[in-house]
*Asks:* 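Below you will find the structure I want to go over with you.
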Amino acid sequence: MTANSKYLNELQQHGDFLTLSRNNEWHLAPSVFTLSNGTAVTIHDTGVIEFQPTCDTTIDVVLSSAIHGNETAPIEICDELIKRIILGDLQLAQRVLFIFGNPQSINIGKRFVEENLNRLFNGHHTIEGVQMNNERTRAARLEQYVSDFYQRGGQHRERCHYDLHTAIRGSKNDKFAVYPFLHGKPWKKSQLQFLLSCGVNTVLMMKSPATTFSYYSSFVHDADSFTVELGQVKPFGENDMSRFAKTKATLSALISQKEVIYKEFDASDFELFAVHRSINRTEHDFSFPFSDNAENFTGFSKGDLLATDGQTCYYADVEGEAIIFPNADVALGQRALLTVIPLQLTDNII
Ligand SMILES: O=C(O)CCC(=O)N[C@@H](CCC(=O)O)C(=O)O
Ligand SMILES: [Zn+2]
């Protein structure tokens, strides 16, 4: 038995694509097999597995996790879905591509190995004069896998991509999503209804392009795409999985049903925020005046100090300006803080 057929046998018996990916940190030879219910399974690479059921489908779904390796709850959710599909417990009604973004960073229990993968999409992996590394190569490949997946599905189908994360800090609004900048296109109520069903009632509307995975699939492939933050980072084994029951049930319904009926849209179900500004770290000497325990969505009074970057002080310029993803430890030139302000729904939503 070749090594290839041995791992395929094991995968078909146990459905454990996560372990297979972790055992092959940066590369796994492609292979295909068919489940007893007819679903075609294609392993494109380590961490990248596609399922194509035999029935007619309408939505091409990408579910990614481990873009940051220490964000374990989303990895556990996707691991469970993949196992249920391979073992025949979950019959698919839609095409699905699962991605574990950075298997080596899962193994070392860190956000990334050399470089933050979620700052390398939309072409930022390949820059003249900048040395490639494993994460840059991986970002380029992941873009290609997503691109090929949507292309094989064809035009004029629904495309969605939920890039699942957990936040470093606790959050006043425990689960929230980032809606990438849509360049003037309208936001979609149906997507907010889906998020609500996942237990996510808080959404941040970005107002500029980004180098994130979700912005890439939204901008390049016109997918309904979100970064979804499902709570706070915890090591494997320490997640209270009951907190993700709604997310799991909704994702499971999305991929296994022809159509899912969500609660009717009601703006009062949501807390929406507009991103007010993004503060980058440009100096080694960068700090926040608040403690490491300050939660995402903590609001500040107009005039309060928000961050100090070398000689530059940033003050809240709007009453209630709230902090998201403060991280003084990012590489120079990268985003160290987003701030948000409440958003009233306009008519730019369909
Ligand atoms: O908690 C944090 O500081 C980071 C959590 C995280 O990984 N968030 C994503 C958000 C991506 C986006 O803006 O769409 C990230 O920082 O990459
Ligand atoms: Zn993350």
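Order of appearance sets the numbers: ligands from 1, and atoms from 1 within every ligand. Please read all numbers here as calculations on a predicted model, not as lab measurements.
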*Asks:* Can you name the residues that form a salt bridge (charged side-chain N to carboxylate O under 4.0 Å, His left out) with Glu25, not counting sequence neighbours?
*Replies:* none

*Asks:* May I have every N or O pair linking ligand 1 to the protein at under 3.5 Å, one per line with atom names and distance?
*Replies:*
unit_1, atom_1, unit_2, atom_2, d
ligand 1, 1 (O), Ile168, N, 2.7
ligand 1, 7 (O), His68, ND1, 3.0
ligand 1, 7 (O), Glu71, OE2, 3.4
ligand 1, 7 (O), Arg111, NH1, 3.2
ligand 1, 7 (O), Arg111, NH2, 3.4
ligand 1, 7 (O), His165, ND1, 3.4
ligand 1, 8 (N), Glu229, OE2, 2.8
ligand 1, 13 (O), Arg335, NH1, 3.2
ligand 1, 13 (O), Arg335, NH2, 3.1
ligand 1, 14 (O), Thr227, OG1, 2.6
ligand 1, 16 (O), Arg111, NH2, 3.3
ligand 1, 16 (O), Arg119, NH2, 2.8
ligand 1, 16 (O), Arg335, NH2, 3.3
ligand 1, 17 (O), Asn118, ND2, 2.8
ligand 1, 17 (O), Arg119, NH1, 2.9
ligand 1, 17 (O), Arg119, NH2, 3.4

*Asks:* Is there a side chain to side chain contact (heavy atoms under 4.5 Å, CB included) between Ser31 and Tyr7 once you walk through the steps?
*Replies:* CA-CA 10 Å; Ser31 45; Tyr7 87 60; 3.2 Å; yes

*Asks:* Going by heavy atoms in the side chains, are Phe194 and Leu251 under 4.5 Å from each other?
*Replies:* yes

*Asks:* Going by the ring-ring contact (aromatic ring centres under 6.0 Å, His included) test, name the single residue among Tyr215, Phe149, Tyr150, Phe213 that passes it with His221.
*Replies:* Tyr150

*Asks:* Quick check on side chain to side chain donor-acceptor pair (under 3.5 Å): which of Asn201, Thr202, Asn296 does Asn173 satisfy it with?
*Replies:* Thr202

*Asks:* Taking the Zn ion (ligand 2) as the centre, how many protein N/O/S atoms fall inside a distance shorter than 2.8 Å?
*Replies:* 4

*Asks:* Using the rule that two of Ile, Leu, Val, Met, Phe, Trp, Tyr join whenever any of their side-chain heavy atoms come within less than 4.5 Å, decide whether Tyr315 and Ile324 are in one cluster.
*Replies:* no

*Asks:* Partners of Asp329 by salt bridge (charged side-chain N to carboxylate O under 4.0 Å, His left out), sequence neighbours excluded?
*Replies:* none

*Asks:* So, Ser218 side chain and Ser214 main chain: donor-acceptor pair closer than 3.5 Å or not?
*Replies:* no

*Asks:* Between Glu71 and Ala167, is there a donor-acceptor pair closer than 3.5 Å when you use the side chain of the first and the backbone of the second?
*Replies:* no

